[in-house]
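Everything on this sheet refers to the single structure shown next.
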Amino acid sequence: FLSDLLDLSLAVHGGYSEVHYADPGTGTLSDHKLWTLTSSLGQKAYLTNDLTLGYGASADYYAVDSPSVGKRSRFQGGVYLSPQLRFGQLSVRPSARFDYLSDVGAGAFSLQLDLADRVSQGFSLWLNAARSVRFPTLNDLYTPLAYGAQGNPGLGPETATSANLGFSFARGIVSYD
């Protein structure tokens, strides 16, 4: 973007979906409309040969309009920081992200740690550990009973803890992860 030391990425997406259904309580035809506008901005700063700093933010807006649940909307904002450090053949990348949701009135942290070691030419070992949070979408919360599924306004955030251990191998035209 401004120099060889910075990479900048920007993404914007908009969407609209509509579900037509017969209200099971009244039998009348109705619809459930969802609008989305999402954006993200990220940058990597190559500070030294052994230190790269990744950081960014996202801002998302969601709105639903349905006769059975009325009009609902949500703003979701997030920021992240992800430095990558190299110690010889070992790469270490701790990452942290914070997300805030307007309709929940709270936020949550997600954390991740990646380790990779290039053991030899074409052979690497890696380890990943993470704690992540997923908030229910407006459809998860408010979709009216249609096609055998219904939203649940009582849903809360879901958390997951994960770990992965693996290797990658590449020689010539053969590679394996």
Side-chain angles (χ1 to χ4, degrees), residues 1-21 30-48 50-86 91-116 126 128-147 149-164:
F1 173 64
L2 296 175
S3 75
D4 293 338
L5 302 177
L6 296 174
D7 281 343
L8 180 68
S9 65
L10 172 66
V12 177
H13 179 264
Y16 173 78
S17 64
E18 194 169 317
V19 175
H20 301 281
Y21 64 97
S30 193
D31 56 5
H32 177 82
K33 301 172 186 173
L34 176 69
W35 292 268
T36 61
L37 179 61
T38 63
S39 63
S40 64
L41 177 66
Q43 190 165 41
K44 280 188 180 178
Y46 301 94
L47 304 176
T48 70
D50 297 322
L51 177 60
T52 303
L53 184 60
Y55 48 90
S58 62
D60 307 332
Y61 178 76
Y62 305 92
V64 65
D65 184 6
S66 174
S68 61
V69 298
K71 294 182 180 185
R72 310 278 180 143
S73 64
R74 164 186 290 172
F75 169 78
Q76 180 173 346
V79 294
Y80 72 89
L81 180 64
S82 181
Q84 181 173 352
L85 303 114
R86 287 193 179 85
S91 172
V92 179
R93 185 174 52 206
S95 301
R97 179 178 176 91
F98 180 78
D99 286 291
Y100 174 83
L101 278 76
S102 62
D103 59 326
V104 175
F109 278 99
S110 295
L111 303 170
Q112 182 170 321
L113 178 63
D114 299 315
L115 302 172
W126 49 266
N128 166 281
R131 179 195 176 274
S132 57
V133 178
R134 179 191 177 274
F135 290 94
T137 66
L138 290 181
N139 275 340
D140 291 340
L141 297 170
Y142 304 118
T143 298
L145 179 59
Y147 309 110
Q150 183 174 12
N152 179 355
L155 290 176
E158 301 170 347
T159 59
T161 302
S162 62
N164 295 293

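- Asp140 meets the salt bridge (Lys or Arg N to Asp or Glu O under 4.0 Å) test with Arg134; sequence neighbours excluded.
- Residue Leu138 comes nearest to Ala63 through the heavy atom pair CD1-N, 4.0 Å, listed as atom of the first residue, atom of the second, then distance.
- Remark: Phe109 pairs with Phe98 by the ring-ring contact (aromatic ring centres under 6.0 Å, His included) rule, at least two apart or across chains.
- Separation of atoms CD (Glu158) and CZ (Phe135) is listed at 11.0 Å; rounding is to 0.5 Å.
- Residues satisfying the side-chain contact (heavy atoms from CB on, under 4.5 Å) test with Pro94, not counting sequence neighbours, are Pro83, Leu85, Val92, Leu113.
- Contact between Ser132 and Ser110 at its shortest, heavy atoms only, is CA-OG, 3.6 Å.
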Pair Asp65, Asp31 - check side chain to side chain contact (heavy atoms under 4.5 Å, CB included), show working.
CA-CA 8 Å; Asp65 184 6; Asp31 56 5; over 6 Å; no

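- Note: Ser162 OG to Asn128 CG = 6.0 Å, rounded to the nearest 0.5 Å.
- Here Lys44 contributes atom NZ and Leu8 contributes atom CG; the two are 12.5 Å apart, rounded to the nearest 0.5 Å.
- In terms of heavy-atom proximity, Pro153 sits nearest to Gly151 at CD-O, 3.9 Å.
- Under the rule for a salt bridge (Lys or Arg N to Asp or Glu O under 4.0 Å), Asp60 has no partner lying at least two apart in sequence or in another chain.
- What you find for Gly156 and Pro136 is that their closest heavy atoms are O-CD, 3.5 Å.
- Under the rule for a ring-ring contact (aromatic ring centres under 6.0 Å, His included), Trp126 has no partner lying at least two apart in sequence or in another chain.
- Every residue two or more places apart in sequence or in another chain was checked for a side-chain contact (heavy atoms from CB on, under 4.5 Å) with Ser9, and none qualifies.
- With sequence neighbours left out, Tyr100 forms a side chain to side chain donor-acceptor pair (under 3.5 Å) with no residue at all.
- Judged as a side chain to side chain donor-acceptor pair (under 3.5 Å), and not counting sequence neighbours, the contacts of Tyr46 are Asp7.
- Residue pairs meeting the salt bridge (charged side-chain N to carboxylate O under 4.0 Å, His left out) criterion with at least one member in residues 92-104, sequence neighbours excluded: Arg74-Asp103, Arg93-Asp114, Arg97-Asp99.
- Qualifying salt bridge (Lys or Arg N to Asp or Glu O under 4.0 Å) partners for Asp50, counting only residues two or more places apart in sequence or in other chains: none.
- The heavy-atom pair separating Gly54 from Tyr80 by the smallest distance is C-CE1, 4.1 Å.
- Applying the side chain to side chain donor-acceptor pair (under 3.5 Å) test to Glu18 and every residue at least two apart in sequence or in another chain returns Tyr16, His20.
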Using the rule given for side chain to side chain donor-acceptor pair (under 3.5 Å), can you reason through Ser58 versus Ser40, listing the C-alpha separation, both sets of side-chain angles and the distance that settles it, and then say yes or no?
CA-CA 4 Å; Ser58 62; Ser40 64; over 6 Å; no

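- Side chain of Thr36 to main chain of Gly15: a donor-acceptor pair is present (N/O by atom type, distance under 3.5 Å, no hydrogens or angles).
- Side-chain contact between Tyr55 and Val79: absent, with no pair of heavy atoms (C-beta onward) separated by less than 4.5 Å.
- Ser73 meets the side chain to side chain donor-acceptor pair (under 3.5 Å) test with no other residue; sequence neighbours excluded.
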